[in-house]
Amino acid sequence: MKYDVLLIGSGGREHAMAWKLAQSPLMGNFYCAPGNAGIAEIAECSEIDITDHSAIIEFCETKKIDFVIIGPEAPLVAGIIDDLDTAGINAFGPTAGAAMLEGSKAFTHEICDLYNIPAARYARFNNAPKAKAYIRQSELPLVIKADGLAAGKGVVIAFSLADALEAVDACFEGEFGDAGNQVVIEEYLVGEELSLFAICDGQVASLVGTAQDHKQVYDGDKGPNTGGMGAYSPASVAGQETIDEIMGNIIVPTLAGMHARGTPFKGILFAGLMLCEDGPKLIEYNVRFGDPECQVLMMRLQSDLLELMLTASDGSLLEHEIEWSRYSALGVVLATKGYPGSYANGTVIAGKLDYGDAGNVKIFHAGTRYEGVNLVANGGRVLNVCAKGPSVGEAQQLAYQAISKIDWPQGFCRKDIGWREVQRENG
Ligand code: AMP
């Protein structure tokens, strides 16, 4: 059977997923909403408003869509899977109840408490005076988090009392909208960060892979945080023993807990972890692939992504073996100058962008569109230049060679993506 598929999203993550999905022999007609210029070469893009669930359902009914795949978190937290299910449309991703793992940091802490999952010590408050009183009697640094979805901006690491108090005010004064109605204050964890991805069918979790990303905008991991300036996979800091520990002590009990409370988790579970001296601890869950981590994971995936997602959504993951390339992959984000602050859209991107599907280099589009025959920038993060090789160092070289062939004076990238891993490889 062939499946007519609708993919929701428009970033580099969705281009990488679309690229992999399109390789499946199970793929029938392939649509994406809203998509971008890169995705448009693989799937038919449609300008549906993805916050309008009834418009998505209407599209699915008109096009007789068999399977919907959701890229970003916001539609999942808003219950798109529940609404599609009610309309009788098969889809991949967690229900709103299961997406609470990303939608509320306090909820995730409750699950961790209930199932003895290692995480930072924390307290939660729904008003500023109590939060501030707690801060005054706690040791610094502290991590102050808006409880809900804040597009990656709701976290402040406070090294001074003034910063901590200011972060609490920012939350309750509405800087993060409803996401800041509740604040979570965490112990500051020390260690190296790691991302681990698992695909889940409600009862079973299969490891997808590990990755590390670079959140800060400038070389040397300096400057303000961004959505992510680059990533690589796998991360050698997590050997098999660490991966087993994370799967056994964190992922599996989370899945069991979500099943027990009647909100089984189906979809991609992305654990943000700190590798602390006393073992890995959970920092946060996301309920979908990361961007730019997805791009490097897709470079390494050899199994059929569509088949894998269909299997997870019908609860039979156990029977499915996932195959990965032994190669490492690394991706560098090209962003418009000014990002993560203000920047201008519409600048022309030229040079070599197409490497076909067979080689070790692939350029995924994030914020792009066509203006006539010109490809133009249409966002902060614009392209993801990805490469794979026998080591992260070799993948890094290939990626930067490909970047040197792109002609876009208004763009910039970090020059040191993967530095920590390359240093490790070089001993
Ligand atoms: P989050 O949105 O929860 O992933 O937080 C964003 C970033 O803040 C993480 O990637 C970490 O670098 C940092 N962070 C969050 N929580 C903690 C914590 N408890 N201790 C140390 N760093 C943290």
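Atoms within each ligand, like the ligands themselves, are counted from 1 in listed order. Predicted, not measured: the structure shown is a model, and the values here were computed from it.
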Report yes if the distance between the aromatic ring centroids of Phe159 and Tyr188 is under 6.0 Å, otherwise no.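 That pair passes the under 6.0 Å test.
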For the rings on Tyr134 and Phe125, is their centre-to-centre separation under 6.0 Å?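 Centroid separation for Tyr134 and Phe125: below 6.0 Å.
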Within a distance under 4.0 Å of any heavy atom of [X], pick out the atoms of ligand 1 and give their elements.
{"X": "Lys145", "value": "3 (O), 15 (C), 16 (N)"}
{"X": "Met274", "value": "21 (C), 22 (N)"}
{"X": "Lys105", "value": "2 (O), 3 (O)"}
{"X": "Glu187", "value": "18 (C), 19 (N), 20 (N)"}
{"X": "Lys215", "value": "10 (O)"}
{"X": "Tyr188", "value": "20 (N), 21 (C)"}

Quick test of your reading of the structure: of Asn225, Val143, Leu142, Ile157, whose heavy atom lies closest to atom 13 (C) of ligand 1?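 Comparing heavy atoms across Asn225, Val143, Leu142, Ile157, the nearest one to atom 13 (C) of ligand 1 lies in Ile157.
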Do Val376 and Thr368 touch side chain to side chain, with heavy atoms closer than 4.5 Å?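 Result no, sub-4.5 Å side-chain heavy-atom pair not found.
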I'd like to know whether [atom1] of [X] has more than 12 heavy-atom contacts from other residues, nucleotides or ligands below 6.0 angstrom.
{"X": "Gln23", "atom1": "CD", "answer": "yes"}
{"X": "Tyr218", "atom1": "OH", "answer": "no"}
{"X": "Glu277", "atom1": "CD", "answer": "no"}

